[in-house]
Amino acid sequence: MQIATWNVNSLKVRLPQVLEWLAGRPELTVLALQETKLEDHAFPKAEIEAAGFHVAYVGQKTYNGVALISRAPLLDVQYNLPNYEDPQKRVIAATVDGVRVIGAYVVNGQALDSEKYPYKLAWLDALIAWVGEQLQQHGKLALVGDFNIAPEDRDVHDPAKWAGDVLVSPPERERFQQLLDLGLVDSFRLFEQAEKSFTWWDYRMMGFRRNAGLRIDHVLLSRPLAERCTACEVDKEPRRVERPSDHAPVIATLAE
DNA sequence: ATGGCTTCTCGTAGAAGA
C-alpha cells in the first residue's frame with residue numbers, strides 16, 4: 001500500500017499533471033490533494049473516475065479545498081473537522097483498505113501578528129483533539145497533508161532567515177509535536193534522507209533551482225502502520241515540469 | 001530591498017500563499 005499527499009495549488013490547472021503522475025505510479029493506493037480551489041459542482045469527478053479512481057472532495061472557490069483520489073473504495077467519508085465550525089474547506093477523511101486516511105490542509109497563518117495566526121493555532125488544537133479521537137477508533141491511521149509547519153530547523157533551507165516567522169514558530173512546532181505525542185510517527189524521519197530535503201519551494205527567486213525550500217508536507221502514521229512502513233520519499237519530478245505546483249508530492253510505502 | 005512568482009476573482013489590481 002502507498003499513501004501520498006500533494007498540494008496541487010489549483011486542481012483546475014494541475015489535473016493533467018495529477019492524472020499523469022498517478023498513471024506513472026500504479027502501485028499508489030490513495031492520494032490526498034490540497035488547495036484544489038474548486039467548488040464541489042466544478043470538481044472534475046467524471047474525469048478522475050473515468051481514469052479508474054474513486055474520489056471524494058470538499059472545496060470552495062479560490063482558496064483551500066481538499067480531495068482523496070483512490071484505487072480502492074473510499075468508505076465512511078468525513079468532510080471537515082466535526083469539532084470546529086469553519087467555512088474553510090480543509091479536511092477530508094475516509095477509510096481505504098482498512099486504513100483511516102485523513103487529508104488536511106492546515107491554515108497557513110500568514111504572519112505571527114496576523115489574525116490568521118491565532119486561527120491557525122485554534123484550528124490545529126481542534127485537529128489534534130479530533131485525530132486523538134480517531135486514533136481510538138482506528139488503529140491503522142494516516143494523517144497526511146500540507147501542515148504548513150516545518151517541524152525542525154533541518155526542514156528549513158535557511159533557519160536564520162525564517163526565525164520568528166510563521167511555519168517555524170514554537171507554538172506551531174509544539175502542536176506538530178502534540179500530533180506525534182498522540183502516537184503518530186513522521187514517516188519521512190524513519191529513514192535516512194538527503195540533507196536539505198524539502199517539499200515546497202518558493203516560485204520566486206528561482207527557489208527550486210536554489211533548493212530554497214521547506215519541508216511542510218507530511219505523512220504521519222500510527223504505530224501499527226509505522227511498523228509496516230518501508231519507505232517515505234519526496235518526488236521532486238512534478239516540481240520540474242512546466243507550470244508546476246510549488247509543492248512536491250510525498251509518498252509513504254507500507255508493506256502488507 | 002517588505003520585493004521576487006503564481007493563482008484566483010461578479011477580475012484586468014489586489015489578495016493570498018509560504
Side-chain angles (χ1 to χ4, degrees), chain A residues 5-18 32-44 57-67 86-91 103-124 127 144-176 188 196-219 234 236 238-250:
Chain A
T5 180
W6 191 4
N7 180 327
V8 290
N9 184 21
S10 167
L11 187 58
K12 183 180 177 183
V13 174
R14 236 66 69 182
L15 179 63
Q17 295 180 31
V18 170
L33 300 180
Q34 301 87 40
E35 288 207 83
T36 56
K37 301 186 181 180
L38 291 172
E39 291 182 301
D40 293 346
H41 68 80
F43 193 90
Y57 47 90
V58 59
Q60 64 187 91
K61 202 187 301 181
T62 313
Y63 304 115
N64 313 313
V66 287
D86 188 359
Q88 302 192 11
K89 308 304 185 191
R90 298 181 172 278
V91 169
Y105 175 48
V106 175
V107 179
N108 173 286
Q110 196 169 56
L112 298 195
D113 59 359
S114 166
E115 60 190 19
K116 293 170 187 171
Y117 183 71
Y119 164 52
K120 179 177 193 172
L121 299 183
W123 193 94
L124 280 164
L127 178 72
V144 310
D146 177 355
F147 287 67
N148 270 316
I149 301 171
E152 301 176 59
D153 278 355
R154 62 177 167 162
D155 301 312
V156 180
H157 68 96
D158 186 344
K161 189 174 175 179
W162 277 88
D165 214 338
V166 75
L167 313 196
V168 305
S169 74
E172 294 167 71
R173 286 177 164 175
E174 283 163 19
R175 282 160 176 82
F176 188 85
F188 190 75
K196 302 204 175 290
S197 289
F198 305 125
T199 65
W200 168 88
W201 301 263
D202 204 313
Y203 280 129
R204 300 165 294 184
M205 298 294 286
M206 296 189 292
F208 185 65
R209 229 178 264 190
R210 295 189 298 120
N211 196 31
L214 303 172
R215 192 176 72 92
I216 54 177
D217 300 272
H218 307 296
V219 175
V234 179
K236 290 165 77 171
R239 190 63 175 77
R240 299 185 212 279
V241 305
E242 192 106 3
R243 217 178 171 191
S245 168
D246 42 358
H247 295 250
V250 183

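Predicted, not measured: the structure shown is a model, and the values here were computed from it. Numbers restart at 1 for each chain; the letters A, B, ... are given by sequence-line order, proteins then strands.
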I need the [atom1]-[atom2] distance between [X] and [N], as an integer number of Å.
X: A/D165; N: B/dT2; atom1: CG; atom2: P; answer: 16 Å
X: A/W201; N: B/dT6; atom1: CH2; atom2: P; answer: 16 Å
X: A/F208; N: B/dT6; atom1: CZ; atom2: P; answer: 14 Å

[X]: partners by salt bridge (charged side-chain N to carboxylate O under 4.0 Å, His left out), with sequence neighbours left out:
X: A/E35; value: none
X: A/K37; value: none
X: A/D155; value: A/R189, A/R215
X: A/D246; value: none

What's the gap between [N] and [M] when it is taken at their [atom1] atoms, as a whole Å value?
N: B/dA16; M: B/dC10; atom1: P; value: 14 Å
N: B/dA13; M: B/dA1; atom1: C1'; value: 23 Å
N: B/dG11; M: B/dT6; atom1: C1'; value: 15 Å
N: B/dT2; M: B/dT7; atom1: P; value: 25 Å

Task: Residue pairs passing the salt bridge (Lys or Arg N to Asp or Glu O under 4.0 Å) test where at least one lies in residues 198-210 of chain A, sequence neighbours excluded - done: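 Those involving residues 198-210 of chain A are A/D202-A/R204.
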
Open item on the list: Is a donor from one side chain sitting under 3.5 angstrom from an acceptor on the other, for A/Q88 and A/Y119?
Closed with: yes

TODO: Heavy atoms under 4.0 Å is the rule here; annotate nucleotides 8-18 of chain B 5' to 3' with B where the base is hit, S where only the sugar-phosphate is, and - elsewhere.
DONE: SSS-----SBB

